[in-house]
Amino acid sequence: MNRYRADLHVHTVLSPCGDLEMSPSNIVKRAALKGIDILGVTDHNSTKHGALIRKLAEKEGIFVLCGAEVTTREEIHCLAFFENDDTLEKFQQYLDTYLADVWNNPSRFGYQVVVDENDMIVEEVNRLLIAAIDQSIDEVEEEVHALGGLFIPAHIDRPSHSLISQLGFMPPGLKVDALEVTGRTTPEDMVSQFPELAPYSFIGSSDAHFPEQLGTRMTVFEMETRSFAEIKKALHREDGRRVSVLTDRSRA
Ligand SMILES: [Zn+2]
Ligand SMILES: [Zn+2]
């Protein structure tokens with residue numbers, strides 16, 4: 001079994017809160033320097049930088065999971081990842097359908113731009129990407145799974161925009177592929193507070209908005225090779241595969 005270091009929660013310059021230095025080419029360069037083997041691209045309610053980052057990352061030997069960080073109607077942030085361009089595009093159409101018609105004010109929230117591999121702007125997105133989409137967490141989960149994707153509630157230990165902050169518990173029928181924690185707590189702390197979380201794998205990620213944050217928190221995947229199917233198996237602890245949260249401290 002091989003060990004791979006994954007940072008599955010990274011914002012680009014397309015997220016209004018993402019630093020202007022977070023262009024696809026800069027992110028890939030920095031990820032390579034940090035020894036990231038698997039990179040998750042998760043802009044707020046948009047998938048539009050995924051394909052370019054995957055193309056640039058291939059040259060560096062980095063495997064990319066393309067997806068988004070969705071804000072549900074309950075203001076819960078959830079990571080969603082898709083296996084191929086077709087399902088990623090279908091999910092983009094779903095986001096376009098349900099994202100609130102609220103316009104971005106760049107001077108207040110930041111710019112939302114799609115750039116090319118030379119950091120030239122090719123599109124400015126007008127609708128505010130940090131607004132919620134008009135779908136419940138159950139509806140988002142169903143859509144992600146109908147498209148064969150992975151569904152991971154983000155930073156569940158955060159005091160805002162998290163499953164626990166908004167609902168206070170894990171809804172019994174919700175099918176998650178894993179749960180993400182920040183450095184505030186450990187998976188063990190979360191399970192002792194919420195025993196219903198015991199069956200799930202936990203990931204840790206940087207939630208990087210600035211280049212220097214990339215890879216500051218990661219997840220180790222123990223699996224045969226880097227593929228969508230193997231990542232899914234590792235999250236579900238199948239056939240000896242597994243994941244564990246890696247922090248700066250545990251790496252020392
Ligand atoms: Zn978030
Ligand atoms: Zn985020």
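Residues: numbered from 1 along the sequence shown. Atom set for the values below is all heavy atoms of this structure, side chains included, hydrogens, waters and symmetry mates excluded. In this text the structure is predicted, and so the values were computed from the model without any measurement. In each ligand, atom 1 is the first atom listed, and ligand 1 is the first ligand listed.
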**Request:** Decide whether Ser192 and Asp189 meet the rule of one side-chain donor and one side-chain acceptor closer than 3.5 Å.
**Result:** no
**Asked** Name of the His11 N, O or S atom nearest the Zn ion (ligand 2)?
**Response** NE2
**Prompt:** Side chains of His145 and Glu141: is there a donor and an acceptor less than 3.5 Å apart?
**Reply:** yes
**Item:** Option among Gln166, Glu74, His155 that satisfies the side chain to side chain contact (heavy atoms under 4.5 Å, CB included) test with His161
**Value:** His155
**Request:** Check which protein N, O or S atoms are less than 2.8 Å from the Zn ion (ligand 1) and report how many there are.
**Result:** 3
**Message:** Show the nearest heavy-atom pair for residues Ser201 and Ala234, with the distance to one decimal.
**Reply:** OG-O, 4.2 Å
**Asked** Quick one: are Asp157 and Phe202 in side-chain contact, heavy atoms under 4.5 Å?
**Response** no
**Message:** Going by side chain to side chain contact (heavy atoms under 4.5 Å, CB included), Leu8 matches just one of Val243, Asp207, Ile38, Leu39. Which one?
**Reply:** Ile38
